[in-house]
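Down below is the structure, laid out as structure tokens.
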Amino acid sequence: GDVVQEIDANVGKMLAKLKALNLDKDTLVIVTSDNGPWFAGSSGSFRERKGGAGWDGGYRVPFIARQPGAIPAGIVNDAIAMNIDLMPTICGWAGKLPPNITLDGKDIAPLLQKKRTPSPHEDLVLFNNEKVVGIRTQDWKLVTSSYYRTIEFPLEQRGYSQLVNLKSDPGENYDVSSLHPGILADMKARLDRARASRHAAARSASANGWVRAMC
């Protein structure tokens with residue numbers, strides 16, 4: 001409750017200052033989070049918490065964007081996106097994308113400006129630290145590992161990978177892999193491609209002397 005009060009008060013102060021400086025309509029303001037709550041908080045109807053491997057309770061967070069004149073008021077869009085999309089979106093918003101680099105993120109400006117705009121992502125890759133543990137499309141998710149505080153449960157190794165339909169089961173309560181073998185095969189193929197890409201990137205970084213820091 002204290003955190004919500006502090007965010008509310010200070011965002012209000014910031015917006016008031018932008019208006020006083022006549023920068024209100026020329027400033028993109030985004031309020032979001034990097035993860036869901038820890039065990040001291042509640043993820044509501046969503047499964048697990050921060051550090052919960054592939055479940056939405058650890059990943060799904062509010063995202064509010066505001067810029068009068070550039071973003072119409074009241075738009076709600078449920079298309080999938082990630083915080084990795086912020087860099088290309090903000091760079092595109094400013095009129096210039098970084099040259100000669102490959103980004104995992106996509107420009108999601110159309111999602112902020114129009115209702116029912118589809119995501120630029122075919123899927124999103126879910127990690128536990130550096131390890132790929134899940135893959136998500138707009139309506140489906142395949143989770144191969146669960147995590148509780150400091151203990152990892154490798155579902156995949158025990159044959160318990162879970163396919164969930166997020167459209168009909170946003171709480172991720174039911175594994176429906178036996179009912180949708182075609183979708184399961186497609187999601188496994190997506191997961192394999194993501195892992196191969198991850199390993200190739202790691203090898204390339206190592207070969208070029210780069211070390212990736214883990215936060």
Side-chain angles (χ1 to χ4, degrees), residues 1-91 93-94 103-109 111-113 115 119 121 124-131 133-134 136 138 141 143 145-153 164 166 169-173 212-215:
D2 290 342
V3 171
V4 174
Q5 279 191 309
E6 288 293 327
I7 292 172
D8 183 54
N10 286 289
V11 169
K13 290 178 183 178
M14 181 183 67
L15 294 177
K17 188 65 173 180
L18 288 172
K19 193 168 185 178
L21 295 173
N22 200 31
L23 296 173
D24 183 50
K25 294 185 178 180
D26 196 38
T27 303
L28 172 63
V29 176
I30 295 172
V31 179
T32 188
S33 175
D34 60 339
N35 49 250
W38 186 235
F39 288 87
S42 171
S43 57
S45 62
F46 302 116
R47 184 169 176 176
E48 293 296 348
R49 305 286 196 278
K50 171 185 176 180
W55 307 109
D56 261 18
Y59 285 91
R60 186 166 176 166
V61 296
F63 185 98
I64 303 169
R66 177 189 184 274
Q67 185 174 346
I71 300 177
I75 283 183
V76 177
N77 199 320
D78 65 355
I80 56 172
M82 268 188 169
N83 281 358
I84 58 172
D85 299 324
L86 288 178
M87 179 180 176
T89 301
I90 292 171
C91 288
W93 208 268
L103 298 174
D104 292 326
K106 307 286 186 181
D107 187 343
I108 59 169
L111 273 62
L112 308 181
Q113 296 176 302
K115 293 180 180 179
S119 172
H121 292 280
L124 299 175
V125 183
L126 307 178
F127 286 82
N128 177 24
N129 292 322
E130 299 288 287
K131 186 178 180 181
V133 295
R136 165 167 191 172
Q138 184 67 42
K141 184 192 287 185
V143 179
S145 181
S146 197
Y147 197 82
Y148 180 74
R149 297 179 184 251
T150 60
I151 304 171
E152 182 181 5
F153 298 90
V164 293
L166 294 162
D169 178 26
E172 302 176 298
N173 296 302
R212 181 177 177 184
M214 290 168 48
C215 301

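All figures in this text were calculated on a predicted structure; none of them were measured in a lab.
- Side-chain contact between Lys141 and Leu124: absent, with no pair of heavy atoms (C-beta onward) separated by less than 4.5 Å.
- To the nearest 0.5 Å, atoms CG (Leu21) and OG1 (Thr27) are separated by 9.0 Å.
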Worksheet item: Checking side chain to side chain contact (heavy atoms under 4.5 Å, CB included) for the pair Thr89/Leu111: CA distance, chi angles, key distance, verdict?
Response: CA-CA 10 Å; Thr89 301; Leu111 273 62; over 6 Å; no

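- With hydrogens and angles disregarded, no donor-acceptor distance shorter than 3.5 Å links the side chain of Asp56 to the backbone of Gly171.
- Residue Trp93 comes nearest to Ile71 through the heavy atom pair CH2-CG1, 3.8 Å, listed as atom of the first residue, atom of the second, then distance.
- How far CD1 of Ile90 is from CD1 of Ile108: 9.0 Å, rounded to the nearest 0.5 Å.
- What you find for Thr32 and Pro62 is that their closest heavy atoms are OG1-O, 2.8 Å.
- Here the shortest heavy-atom pairing between Ala79 and Ser119 reads CB-N, 3.6 Å.
- In this structure, the side chain of Gln113 engages the main chain of Ala70 through a donor-acceptor pair within 3.5 Å.
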Donor-acceptor list for residues 34-48 side chains, cut-off 3.5 Å, not counting sequence neighbours:
| from | atom 1 | to | atom 2 | distance (Å) |
| --- | --- | --- | --- | --- |
| Ser42 | OG | Gly44 | N | 3.0 |
| Ser43 | OG | Phe46 | O | 2.9 |
| Ser43 | OG | Glu48 | O | 3.0 |
| Ser43 | OG | Arg49 | NH1 | 3.3 |
| Arg47 | NH1 | Glu172 | O | 2.9 |

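- Side-chain polar atoms of Glu152 and Ser145 form a donor-acceptor pair below 3.5 angstrom.
- In this structure, Tyr147 OH and Asn129 CG are separated by 6.5 Å, a value rounded to the nearest 0.5 Å.
- Screening Arg66, Lys17, Lys19, Gln67 for a side-chain hydrogen bond (donor to acceptor under 3.5 Å, both in side chains) with Asp24, the sole residue that qualifies is Arg66.
- Closest approach of Ala65 and Leu28 over heavy atoms only: CB-CD1, 4.4 Å.
- Surrounding CG of Asp104 are at most 12 heavy atoms belonging to other residues, nucleotides or ligands under 6.0 Å away.
- Within a 6.0 Å radius of CG in Asn10, more than 12 heavy atoms belonging to other residues, nucleotides or ligands are found.
- Distance check, rounded to the nearest 0.5 Å: CG of Asp8 to NZ of Lys13 gives 11.0 Å.
- The shortest side-chain heavy-atom distance between Leu86 and Phe63 falls under the 4.5 Å cut-off.
- To the nearest 0.5 Å, atoms CD1 (Ile30) and CG (Asn83) are separated by 9.0 Å.
- In this structure, CG on Asp78 lies 11.0 Å from CG on Leu166, to the nearest 0.5 angstrom.
- In this structure, Asp26 contributes its side chain and Leu23 its backbone to no donor-acceptor pair below 3.5 Å.
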